Each structure stands twice: as structure tokens, then as C-alpha cells.
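Shown next, in C-alpha cells, is the structure this report addresses.
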Amino acid sequence: MEEDRVRFICKRTVVSTRSMEPGRLYRFSVLDHVMEPNHIRLVYYYRSSKTREPGEITKKLRESLAYALNCYPIVTGRLVKEIDGTEEKDDVNRQWKVKSNDAGMRMVEARATGSVEEWLRSVNREEELKLVHWEDMYHLHYYWSTFCVQVTEFESGGLAIGLSCSHLLADPVCAMMFIRAWADLTLSRSMMAPPLFHPLPPRRLANHKLISNNQLLSHYIKSCSLTASPSNVTEDHMVTVTFLFPDPLIRAGENEPRISTFEILAGLFWVCVSRAKGKRNELMDMSLCLDVRKLLRLDQGYFGNCMVYHKVPYSKPVKTKDKLLFHAVQEIENITKKLDYDTVMDLIEWLSSSNNGAISNGSDLVCTNLENMSHSRPMMFEEDLVLSHLSCYVKGPVAGGGQVIVLPSLPGNGPMSRVVMVSLPQREMVKVVEDELLLSFSPVVIMENTEQI
Amino acid sequence: MSDFSSSVKLKYVKLGYQYLINNFLTVLLIPIIAVIVIELLRMGPEEILSILNSLHFEFLHILCSSFLIIFVSTVYFMSKPRTVYLVDYSCYKPPVTCRVPFSSFMEHSRLILKDNPKSVEFQMRILERSGLGEETCLPPAIHYIPPTPTMESARNEAQMVIFTAMEDLFKNTGLKPKDIDILIVNCSLFSPTPSLSAMIINKYKLRSNIKSYNLSGMGCSASLISVDVARDLLQVHPNSNAVIISTEIITPNYYKGNERAMLLPNCLFRMGGAAILLSNRRSDRWRAKYKLCHLVRTHRGADDKSYYCVMEQEDKNGNVGINLSKDLMTIAGEALKSNITTIGPLVLPASEQLLFLSSLIGRKIFNPKWKPYIPDFKQAFEHFCIHAGGRAVIDELQKNLQLSGEHVEASRMTLHRFGNTSSSSLWYELSYIEAQGRMKKSDRVWQIAFGSGFKCNSAVWKCNRTIKTPTDGAWSDCIERYPVFIPEVVKL
């Protein structure tokens, strides 16, 4: 067993530089509550061209994080189950809230041997998770930090920043926005996109009729109800492979501008994973995870869960397997185009009015769309640090039986390229990486599943 | 109504008595001078001339008497102690990133002492009633879970605090490092080799014939002890200046055990430091802020109870911490009494001293049951700086000296904003009074500090020039928010 490449240095708490108004309670939205048992882990890798003293960049990041936290009272608060006087529900169903008590967030510092480039060439899922510190909720939740940041300096150059947080407070979109705000503050001392904390849009007028055949809603009804039996997904050994697709749209031969790269890639993996599961000309169950901030007319800076899971229906088997991809993409496109304000509001209103548990995606494949998370300006902490890779993991019942996360293109790879992180049980992954349809897209494997000795 | 009018009458009687006794000589001399002037006017110039001529003045007499006068005045001026001026001082402002809010402190305490919930409860209760605010700071090493107090991190903290305070002092006074003649550093609980004063000499390349001293182990009153040492040295060395660095390095003293009486310092002590420039040069007379009038040191170590009341020791698990005994307040009160007995006659106006004397004689001779007269120190001083050792200390002294809320405001606000910074707290308090714009020329300030041993030291300064509200300094960014109301108990 090779020696641990990552060496833990210390763990501490970073508090904001200004004291927060004490005792304020923030409530979660219904979309937050359904995501409770899950957590997110992000890892950002930066290449650097300047040599630094060990610990120098960590110290600078720690200080700028303290300033960034002034805008995030929810991140520095703690979870409580208190009543704030406006509840209609009775005591039995007390829900989580965040009390802004100025307690700060955890920060772990670590060092790793080698350089970022070497690491990326030979890392796998277990090792990568060492770059993100995560602690399950303590028995006394009031002392548990919901967010945790790990800064790992590579001895031969480069930096990795890992962020882990409970899904109850944030989804991958706003977690990434948090890192962006922190990076902006470190580089230019001003935050370009400060977060917004406010409730979801209010109920619509009472005479609005529910949309018939609202598939989004029915999926949630089925999997959120408290009486639903817990999914019995066995803890298969999950492995993660990261692909870089240089130009998926061209490979697919799609000339229509309406189809997005996400739809192509989601369709592609839907087909490949179904095949790996042994289905011939049929597709397995799949859910799409989509950001609905724009649909709900919310700003990109809205902080909180705003991603919904839409099950993609599959009606009948297709005659020839050549048409399978085309058919899959069509189904996905139908869903994404049909999703609108009223559909999502139906869901939100249903969730507000009934007691429900957390959402679970069973053993479905879940495809998450994060491809629009890149901006025109790069996300940098310092002038010479260049983002070279980004990884995202979601763990918990919402992750289903397999995950495909489509991430934005990285600098140097062309705007039409995409990075896709695929997490599947080992035996399925082995088949997927050799699937000829997948290989026809000429993906480059950035991170693969290396065998542990 | 009659009570009110009688109390008003009493007030006027008291005022009249004070004017009479304090200006006794003037009151006595005025009628005598008046009589002489009237007599002279009555006599007329010829009679005055004839009286003068009758006194035979020979040349020798005149010469001898003038030599005598010159000799006596020279001896007088030579034997007068050199005045020690406090040119300026600067207090260390910790970086905002070292801030420790209550919730963070309690969370860390809970995570580290997870096997001792009772100790955690105890710390929480202390913190709730402590009078500290949410902006006090601890050094970086204590922010770790668990804290890592190494020698290196202690040295880093020392460098951070001391060098920053010194840079500020150099900037404020225009002092050049090569001009420092005397350097005194006091830091009670961290005493490395080479000493902290050697560290400063190394950093700023001070002169090789500098007189440097490093005082350690002397507790929270060490700042005034350093001032005393500086004063004595400045009597011997003419035309010199002295820099005093007063600080307490928190890093190595974090108590890692769970004995309750020893957890108290963890809750109250915070990062802080001050750098002070003293001088006996005549040229500094115009720009100096204060003049040192008196400095009285009282040591109660001869009494066993006082000696053992603040004791650094190991608990049963071998963790080193400072044990504070339960009768700390009583011992502090007694130490204060003995200090007052010495300083009273030096500073109190004659009216108060007479009252005190008569009450003393009356109790001894006539009736021991008479209430002892507590002299009114508010007549002797305009400002008070009581060491911000904790809320209990300030409350106790406010009661003993019968001070109003405004007099102890500087101490309470310093405790709120900076916590107990040990020996440097007196300087933060002085800085607060200046920042509020209350320091006028000829105001007298009384600094009282307590320390382990048990010591009570006090210093009396007189303001040399009205001090404009400073634009920078430890209080500059938060003074508009002060004074704040500090509740009895802050619910955590």
C-alpha cells in the first residue's frame, strides 16, 4: 500500500470578520427540506506558475475566507430545531432551521506530495475524496459545522480546494457560486456576485389549476411520501471516471441549434449505462437534475436548493439500436423544453402543503446539468493560479444508482467541450468505458479508476 | 422635602469646608498681606526709607547672603528628581481574522472537552457573565482543533504583537530604533531564551550599549513595575529615553485540562500588547502626553493566603494551568487598602486627609464602632484606569472606591472590546479615554493594577497637554459604538 500522499496539517474554524446579528433564525425552503440526507463535495484544482512558501497561500485564503463569510450568515450559523413563532405546524414536526450564531465554518489544511498535474494523472475516487474533509452530523448538531473547506497545497506546485457541505443548505450551483465569490474577493477584494437569501416565489393565485400529467410532481409524490419504503440500493463499490468530451455536438452530428450539449451527453450515457446493465434496445430509469433558478425568475445568486429531479419516462423499446441515442436525446429534450414555471410551482406548492420525507432516486441513473456554471471571466484566487480541473460528488439517497454530472468546459479545452464525471458500480463502469458508442465521441479520460493494490 | 434641603445644605457645608482646608495657606496669608499693605500705605514713603536705612547692610553681608541663596537653590534643583514624561504609547490592535465569538469559543470547548460536559457548562456560565464582547481575539494557534501551543507559535505571536506595537510607536513618536537607551519588556508567562528583549534588539538592530531588561513572572501588574524600573533608571541616566513593551503571550498558556478553577483564564485572557515611550529629556516636555507624578508598589506576599491565591500548578493529570483561589476578591480588596494607605497622603487634598485622620483618631480613641471614613478619591483624580481583570474586579473596586459608572467606563469597555489583556489593559483603557476626547490638560489619571503574589501597584499621571482625539490607534474603528450597554448575562 503506497504511503498517503495527502498529509493532514490541522483543522480550525474560520469566523467572519464582522460579528453577525445574534439569534436570527433562517428557514429553509421546501426544496431544501427534501434534500436533507445528502451532501455535496467539490474539489477545485489549480495549477500555479509561481513558487511559494509552504503555507503562504493557505494563510491568504484563510483571511479572505473570513472576509467572504461576512456575506454568508447561513454558512456560519448552526442547525437548530426551534420554533420562531410563525409556524403553523405543531411541535412534533419541528423542522431544521439555521441560527446565525457567528460560529464560523471548519477549515482543514493539508499538504500533498508531488504537483497537481501528477496527481490528476493518477488519482482515483478514494484518493480524491481525501482532498475534501467531511464529518457526518454530530449527535449534538448545534456544534456541527455544515460547511467545511479543505485547502491542500501541493509541494511541487499547485493547490486543491475542497468544499463539502450539507445538501440541506446548498445545491452544487450555489456551492460553486460560494467558491467563486471567495475567489473574487481574494483576487480583487470585491465580490461580484454576492449571495441572495430569500424564500422561493410565493404561491400563485388560488384559481390556478394543477397541470394535468405533471410528471415532475408525480415523481416527487412517489418518492417523497413518508410511507414509501426506503430504497434498497446495495452499497455497491462505486467508482468514478472523469471524461473530457472535446466537441460532443459535432460528434453527434447534430445540426439543430436547439439541442444542448447536456442533452446529448445525458442521452449518450443513458444509452451506454442501460446497455451495461444488460438492457437491449431498452433504456433504464433515469432522472434529470436541472437548475430551475432561471425558470423561477430567480437570480443566479440565489442561495439554497433550486434544482429539481425530473424522471424521464421511457415508453417503448426501439427497433434498431442506431436510433436509440436519437430517441434518448429526443425524450430528454422534451422534458427540458416542457419544464416551465407552473410545473415547478405545482411541485413547490404540493411540497409546502403535505408532510413529506426526503427525495430518493432509488437505483435510477441521475444526470445533473452543471454545464452553465462557467462565466466569461475565469475563477481565480490569485493571478497565477489557473483552474485546471473541477470535480463534483453528491452522496446520499438522491444520488440514485449512478451519477452523471456534466460540468463546464475548462480553460484551454475549447468552449464546446465538456467534462463529465460518471459514478457507477464497478462492474457497470467496466462495460461503459469500452462501449463503442461512447468511444465514438473520442472522450479523453482525465481521471480513471486505478486499481487499489 | 426637608431631607432634600438638608442634604443640599450638607453639600454646601462640605464644599465650603473643602475650599477652606485646601486653600488654607491662601486663606491665612490674604489677611496678613492685606494688613501689611494697609500699614505700608499708612506709613508713607519717608518712614519706609528711614526703616530701611536703619538696617546696616554691608557689602560682605550682601555677598554672603547672595551666595547662600545661590547655593541653596542649586542644591534644591540638583536634588529634585528628574521628571519622567510619557511621550506617547501605542496599543496593539489584533487582526480581525483572529476574532473569537462566543459561539466559536464554546464550540471548540465542546469539541475538545467532549468527555467533560460539566466543565463545558462551567465555561459557558463564565463567558455569559464575563463582560467580554464578540470581538476579542485569540492568537492563531488557539484556533486549531485541538489547539497547538508550540514554542514556535508562541514566538510568532510575540513577534506579531510586539513588532506591530513598536512600529506604531515609531510612527507616532518619530523615534528611531538607534536612539533607544533603555528597553524593558514584561511578559509574565512566556520567557524563552534568548529573551523577548533580545528578540527586539535583534529585529530592530538596536545599539550594543542598550540597557535591556526582561521581566517575567510578575503577573498582570508588571506594566507598572516596568514603569517603576524605567523611572529609577531615568534618574541615573540623564537625557535618555526608555521603551517599555507590556504584553502577555497567550499561546503557551492554554490550559488543556478540565479542572474548573483553572479553566477560568482560558475564558478571559486575550491577545493584546502595548509599547510605551518614557523620557526625561527637557526637549520632550512640550510634546509629551503625560507626566509621572507618583508610583506606589505594594506587595502582600508576606501573607500566605495572598501568596497562594494565584498559583500556577499542575492538575492531577499533569496539565499546567493557573489556579485562582476563591478568595481572590477579598485579597484584592486588602491589597488595595494597603496601597491606598500609602498613596492617599500623596494625592488627596488636605480636606480629605484631615477628615480621614479625624475619623481614624475618633475610632481609635473614642468609639471603635464609627464607620471608617473612605476618602473620596474622585477629588484627587479625573480619570481611573482599573485593570480589566474581570467583571468582578471592576465591580469590587467600583464599590470600594465609591466610583460612578462613568469612572469605570474605560475599564468595562476595554474588557468588552479586548478582553483581559493582562498587563497591557491599563494602556487600552487610557487609550479609550483619549479616544473619547475626555483627556484635558492637568487631568490626573490613576492606574491601578493587581498581580499574582499578591501585588497592588498604582501610578498617578498628570496630563501634560490636551489630547486631540486620535485618528488611528486600537480604538479608532470602533469608538463610535462605545460606550455599549453590557448586560449582566449574555444568553448563549
Side-chain angles (χ1 to χ4, degrees), chain A residues 8-24 55-56 58-70 73 75-80 82 98-110 133 135 137-148 150 185-186, chain B residues 93-117 120-121 123-124 127-128 132-150 152-153 156 160 251 254 416-419 477-478 481 484 486-487 489-492:
Chain A
F8 169 87
I9 306 262
C10 69
K11 179 166 76 163
R12 60 166 94 207
T13 306
V14 178
V15 300
S16 55
T17 57
R18 279 199 306 264
S19 54
M20 299 274 153
E21 185 194 321
R24 186 148 166 219
E56 182 192 326
T58 306
K59 181 156 181 276
K60 184 164 181 197
L61 290 180
R62 193 170 65 231
E63 287 172 9
S64 63
L65 182 61
Y67 283 99
L69 286 176
N70 285 334
V75 172
T76 56
R78 293 289 179 266
L79 290 175
V80 292
E82 285 176 14
V98 172
K99 184 168 184 177
S100 116
N101 65 352
D102 211 4
M105 69 184 270
R106 294 276 180 270
M107 176 161 163
V108 170
E109 295 172 26
H133 185 80
E135 286 166 359
M137 192 190 287
Y138 304 155
H139 172 61
L140 284 167
H141 48 81
Y142 192 61
Y143 301 107
W144 176 65
S145 174
T146 46
F147 276 68
C148 182
Q150 175 169 339
L185 201 68
T186 314
Chain B
K93 179 148 168 285
V96 270
T97 46
C98 287
R99 187 171 82 94
V100 177
F102 283 2
S103 51
S104 176
F105 184 89
M106 284 317 304
E107 193 169 290
H108 279 224
S109 176
R110 198 74 188 55
L111 295 174
I112 295 161
L113 291 175
K114 49 184 180 293
D115 302 324
N116 292 286
V120 177
E121 266 294 309
Q123 281 195 313
M124 185 145 89
L127 215 52
E128 282 174 355
L132 262 66
E134 301 270 1
E135 293 182 297
T136 61
C137 297
L138 280 174
I142 308 294
H143 288 263
Y144 292 120
I145 302 171
T148 54
T150 58
E152 193 187 330
S153 48
N156 284 341
M160 189 162 73
T251 307
Y254 188 80
H416 184 266
R417 171 65 180 85
F418 292 100
D477 64 342
C478 59
R481 286 187 266 130
V484 294
I486 304 174
V489 177
V490 174
K491 203 67 202 79
L492 283 181

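Note that this is a predicted model, so its numbers are computed, not measured. The chains referred to below are lettered A, B, ... by the order of the sequence lines, with proteins before strands, and numbering in each begins at 1. Values below: all heavy atoms of this structure, side chains included; hydrogens, waters and symmetry mates excluded.
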> For the atom pair CD1 (A:I9) and OH (B:Y144), what is the distance rounded to the nearest 0.5 Å?
Replying inline: 8.5 Å
> Side chain, backbone, both or neither: which part of A:R106 has an atom under 4.5 Å from a heavy atom of chain B?
Replying inline: side chain
> Under 4.5 Å between any side-chain heavy atoms of A:S19 and B:R99, yes or no?
Replying inline: yes
>> Quick check: closest heavy atoms across A:A103 and B:S104, and the distance to 0.1 Å?
In response: O-CB, 3.9 Å
> B:R110, B:H108, B:E134, B:E135: which one forms the most heavy-atom pairs within less than 4.5 Å of chain A?
Replying inline: B:R110
> Any idea which heavy atoms bring A:Y142 and B:E107 closest together, and the distance?
Replying inline: O-OE1, 3.8 Å
> Which atom pair, heavy atoms only, marks the closest approach of A:D102 to B:P101?
Replying inline: O-CG, 3.2 Å
>> If you count every heavy atom of other residues, nucleotides or ligands that lies below 6.0 Å from A:E135 atom CD, does the total exceed 12?
In response: yes
>> Evaluate B:V96 against A:Y67 for side chain to side chain contact (heavy atoms under 4.5 Å, CB included), listing each step before the verdict.
In response: CA-CA 9 Å; B:V96 270; A:Y67 283 99; 3.4 Å; yes
> What heavy-atom pair brings B:P140 and A:R12 nearest, and what distance separates the two atoms?
Replying inline: O-NH1, 3.8 Å
> Picking from A:L65, A:V15, A:T76, A:L140, which has the most non-hydrogen pairs under 4.5 angstrom with chain B?
Replying inline: A:V15
> A:M107 versus B:H143: any side-chain heavy-atom pair under 4.5 Å?
Replying inline: no
